[in-house]
*Asks:* 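First, the structure itself, so that you have it in front of you.
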2 protein chains.
Amino acid sequence: MTATPTPRVTIKDVAARAGVSKGAVSLAFNHKPGLSEATRDRIFRAARELGWAPNLTARTLAGSRVDVVGLAICRPARLLGLEPFYMEFVSGVESVLTEHSCSLLLRLVRTVEEETGLQESWWRGRQIGGSILVDFRADDPRVAMAQRVGMPVVAVGHPSLTGGLTSVWTDDATAVTEAVRYLAALGHRRIARVGGAAALGHTSIRTAAFDEAAGALALAGAWQVATDFSGDAGARATRSLLAASGADRPTAIVYDNDIMAVAGLSVAAEMGLRVPEDVSLLAWDDSQLCRLTHPTLSAMSHDVHGFGAEVARTLFGVIMGGGVGSHPVATPVLTPRGSTAPPR
Amino acid sequence: MTATPTPRVTIKDVAARAGVSKGAVSLAFNHKPGLSEATRDRIFRAARELGWAPNLTARTLAGSRVDVVGLAICRPARLLGLEPFYMEFVSGVESVLTEHSCSLLLRLVRTVEEETGLQESWWRGRQIGGSILVDFRADDPRVAMAQRVGMPVVAVGHPSLTGGLTSVWTDDATAVTEAVRYLAALGHRRIARVGGAAALGHTSIRTAAFDEAAGALALAGAWQVATDFSGDAGARATRSLLAASGADRPTAIVYDNDIMAVAGLSVAAEMGLRVPEDVSLLAWDDSQLCRLTHPTLSAMSHDVHGFGAEVARTLFGVIMGGGVGSHPVATPVLTPRGSTAPPR
DNA sequence: GATACGGACTTTACCGGTTAAGAAAACGTT
DNA sequence: AACGTTTTCTTAACCGGTAAAGTCCGTATC
């Protein structure tokens with residue numbers, strides 16, 4: 001297997017076998033007019049016999065459409081494996097790509113700058129026909145890059161962050177407000193939020209919305225902590241929030257993803273606090289995980305798979321030259337389960 | 001953004017600006033000898049000024065190395081999002097690919113046949129320089145295909161399944177035996193195993209090993225159930241196992257992944273059984289999840305991230321023309337936590 | 001001063017397709 | 001029968017690089 005001499009079959013071989021020119025084979029395989037049914041058949045038969053399929057690299061170079069879309073994720077590799085969100089998002093994206101016989105070019109990067117360079121070189125090198133941009137931050141360099149080089153992209157994030165790019169987003173602000181209102185309606189007056197990475201745009205949006213909601217409801221206590229989305233960070237944050245006593249301790253905590261909520265659940269148990277009697281917990285994203293814990297986790301439920309699919313569909317629209325604009329998708333909907341109740 | 005005319009900068013432009021031929025630019029960018037330092041500098045300066053980087057598609061077509069590796073996963077998109085295993089595996093693979101400025105071409109497929117065709121066309125089309133094959137089953141068609149076309153691949157699976165392909169695998173049989181012995185040593189005589197998809201090769205290996213271990217230890221009861229790896233299936237299986245009473249009920253359950261173990265934990269709680277007093281649970285893979293539950297989950301711990309990294313390293317070896325053979329990696333190691341104890 | 005040689009580039013022929021323009025045969029018209 | 005149209009294919013020029021072979025030139029050798 002070391003350097004097995006692979007006898008690559010090319011269009012020339014097929015042409016020779018069918019007794020026609022390269023051009024004819026190309027016409028046949030692209031279903032273009034200008035060939036008789038008879039020759040078309042002969043060509044396809046020859047191709048089948050030789051087991052030939054057009055070389056996509058050459059096809060791409062010659063200027064036709066590229067059937068690969070890019071996705072670069074800017075997060076340490078180790079952390080990524082722990083987050084259900086991305087895998088589910090990717091699976092949603094894939095579900096649509098597959099219908100179009102399109103593949104996903106995936107790459108983990110360390111910084112936004114690295115991603116910006118990568119995306120640009122993917123595009124310039126015709127490696128991709130378009131790209132999905134995620135994890136926007138304020139003044140994101142990818143906005144200008146995409147516009148400068150004219151790369152078809154879909155930005156996953158609020159329009160305020162994604163500039164003039166076509167965007168697909170969920171209304172995080174409204175969802176946060178709803179979460180807080182729900183807990184307040186249950187009677188909670190001291191509410192905390194364990195947020196995600198502070199650098200991310202959607203984190204700031206949620207943070208601002210939380211502050212505003214807390215103010216509007218005149219809560220007696222409102223805390224916010226930033227984390228890196230990991231379960232460990234969620235556990236630490238929960239531990240320090242619950243370590244306080246009396247009026248300094250929140251009676252309800254909202255998490256920015258579900259892995260942290262699971263961690264919070266376990267910290268509460270370990271500290272001898274009952275959920276939801278002593279403290280209410282509310283997760284985000286709502287992967288299957290939330291239904292597997294005991295008590296089950298109430299969550300701001302969000303169809304991440306469907307979200308990914310919608311992003312992919314929108315990208316195809318953009319690549320085809322349409323679908324530009326801002327595409328809000330369904331706001332996460334509150335799904336009460338066993339981890340939220342009125343405070344004692 | 002619809003169809004922005006992109007002024008693509010090519011090697012010709014750079015050559016013109018530097019006042020040299022295309023060939024010279026190519027030499028400079030591939031760090032090949034035959035150019036004076038002065039021209040080299042001039043070329044790089046010109047390239048920088050024009051913001052040029054070599055077009056990878058063209059470079060690939062011209063016959064140099066391809067910096068993309070393939071991975072097709074044969075599983076319904078929806079299910080994939082739920083499994084921590086793959087995301088962690090992918091993140092491990094990525095961590096090594098990134099070092100080599102290499103990207104991953106990912107695609108979900110429905111059947112092994114579809115994957116076989118896809119992999120072959122990726123290879124023939126020079127879309128990839130090599131590929132990672134996962135989820136082997138008996139008489140897998142990918143083995144013959146890879147050998148026939150001479151595609152560099154690394155097969156993730158036991159050599160008995162992967163034919164003559166270079167393989168990276170963990171010793172599932174030994175691990176299962178160890179898991180059963182451990183539970184038996186704690187005093188358990190009735191042990192169940194909630195396994196994965198029956199069609200997968202490593203599932204059969206584990207199933208056989210469990211049977212053998214159960215026989216060798218002359219257990220009073222040994223059950224095995226096949227699932228689709230989902231938490232729901234794990235919950236169902238657990239519920240039916242624990243519904244029995246007395247001598248028909250297992251006192252310990254081994255799961256084939258951790259999501260099912262988490263589900264099992266919650267089912268036990270819901271049925272009023274205490275873990276580990278009434279029933280011991282043992283997870284597999286051991287993602288972060290196992291440390292986030294309460295009680296924490298004992299597991300056959302397996303560095304999935306490192307496993308992915310090793311697979312990627314091996315693939316690079318194969319692509320370079322070496323590293324052929326069978327590469328066993330560390331056997332999952334038993335990590336006792338809070339979910340296992342002697343039966344009452 | 002003719003010969004050989006090595007360094008610095010340029011030329012040119014691919015890689016495997018696509019596609020515009022051209023040519024030969026088949027067809028319909030008057 | 002002469003002439004314009006189609007239909008059916010072929011030719012040849014790209015796409016943007018790589019790499020082997022060729023050219024030119026300054027210099028060391030005898």
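Below, chain A is the first sequence line, B the second, and so on; all start at residue 1.
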*Asks:* Quick one, B/Val318 and B/Val153 - any side-chain contact, counting heavy atoms below 4.5 Å?
*Replies:* no
*Asks:* Could you tell me which non-hydrogen atom of B/Leu105 sits nearest to which non-hydrogen atom of A/Ser103, and how far apart they are?
*Replies:* CD1-CB, 3.6 Å
*Asks:* Looking at A/Asp41, I'd like to know if its CG atom is crowded, meaning that more than 12 non-hydrogen atoms belonging to other residues, nucleotides or ligands lie closer than 6.0 Å.
*Replies:* yes
*Asks:* Could you list the protein-to-nucleotides 21-24 of chain D atom pairs, N/O on both sides, closer than 3.5 Å?
*Replies:*
none

*Asks:* Between B/Glu37 and B/Ala58, who's closer to the 5' end of DNA chain C by nearest nucleotide?
*Replies:* B/Glu37
*Asks:* Compute the bend angle of the helix from C/dG1-D/dC30 to C/dT30-D/dA1 from the end axes (five pairs per end), rounded to 10°.
*Replies:* 60°
*Asks:* Within this structure, what is the CG-to-C1' distance between A/Asp13 and C/dG16, rounded to whole angstrom?
*Replies:* 11 Å
*Asks:* May I ask you to verify if any side-chain N or O of A/Ser21 is less than 4.0 angstrom from the OP1 or OP2 atom of D/dT10?
*Replies:* yes
*Asks:* Just so I know, are the side chains of A/Leu165 and A/Gln147 near enough to count as touching, which here means a heavy-atom distance under 4.5 Å?
*Replies:* yes
*Asks:* In Å, rounded to the nearest 0.5 Å, how long is the span from CG of B/Leu106 to CZ of A/Arg107?
*Replies:* 15.0 Å
*Asks:* May I ask you to list the residues of residues 23-36 of chain A, by number, that have any heavy atom positioned under 4.0 Å from an atom of DNA chain C?
*Replies:* A/Gly23, A/Ser26, A/Asn30, A/Lys32
*Asks:* Taking only residues two or more places apart in sequence or in another chain, which ones pass ring pair (Phe, Tyr, Trp, His ring centres under 6.0 Å) with B/Phe29?
*Replies:* B/Phe44, B/Trp52
*Asks:* Check for a donor-acceptor pair, side chain of B/Trp123 on one end and backbone N or O of B/Val149 on the other, with a separation under 3.5 Å.
*Replies:* yes
*Asks:* Between B/Leu56 (CG) and D/dG16 (P), how many Å, whole number?
*Replies:* 14 Å
*Asks:* In this structure, which one of B/Glu113, B/Glu120, B/Glu115 forms a salt bridge (charged side-chain N to carboxylate O under 4.0 Å, His left out) with B/Arg142?
*Replies:* B/Glu115
*Asks:* Among the candidates D/dT18, D/dG16, C/dG17, find the nucleotide nearest to the side-chain atoms of B/Arg59.
*Replies:* D/dT18
*Asks:* Drop me the distance from B/Gln127's CD to B/Thr57's OG1, to the nearest 0.5 angstrom.
*Replies:* 8.5 Å
*Asks:* Can you tell me how far P of D/dT8 sits from CZ of A/Arg42, to the nearest Å?
*Replies:* 13 Å
*Asks:* Please report, rounded to the nearest Å, how far the P atom of D/dC14 is from the CG atom of B/Asn55.
*Replies:* 18 Å
*Asks:* Give the rounded distance in Å between these two atoms: CD1 of A/Ile11 and P of C/dT19.
*Replies:* 11 Å
*Asks:* With sequence neighbours excluded, what pairs up with A/His158 under the ring pair (Phe, Tyr, Trp, His ring centres under 6.0 Å) test?
*Replies:* A/Trp169
*Asks:* Grab the NZ-P distance between B/Lys22 and D/dT18 for me, whole Å please.
*Replies:* 9 Å
*Asks:* Give each protein N/O atom lying under 3.5 Å from an N/O atom of nucleotides 22-28 of chain C, with the pair distance.
*Replies:*
none

*Asks:* Out of C/dG16, D/dG17, D/dT10, which has the shortest distance to the side chain of B/Leu61?
*Replies:* C/dG16
*Asks:* Can you tell me which nucleotide in C/dT10, D/dT18, C/dT18 comes closest to the side chain of B/Val20?
*Replies:* C/dT10
*Asks:* Please say whether more than 12 non-hydrogen atoms of neighbouring residues, nucleotides or ligands are located less than 6.0 Å from CG in A/Asn30.
*Replies:* yes
*Asks:* Looking at side-chain heavy atoms only, is the closest gap between A/Ile43 and A/Leu35 below 4.5 Å?
*Replies:* yes
*Asks:* In this structure, how many angstroms lie between the P atom of C/dT11 and the NZ atom of B/Lys12, rounded?
*Replies:* 13 Å
*Asks:* Identify the residue among A/Leu161, A/Val156, A/Val112, A/Leu200 that makes a side chain to side chain contact (heavy atoms under 4.5 Å, CB included) with A/Phe136.
*Replies:* A/Leu161
*Asks:* Check this one for me: any side-chain N or O of A/Thr39 less than 4.0 Å away from OP1 or OP2 of D/dC9?
*Replies:* yes
*Asks:* Considering only heavy atoms from C-beta outward, does the side chain of A/Met151 approach that of A/Ile128 to under 4.5 Å?
*Replies:* yes
*Asks:* To the nearest angstrom, how far is A/Arg126 atom CZ from D/dC14 atom C1'?
*Replies:* 13 Å
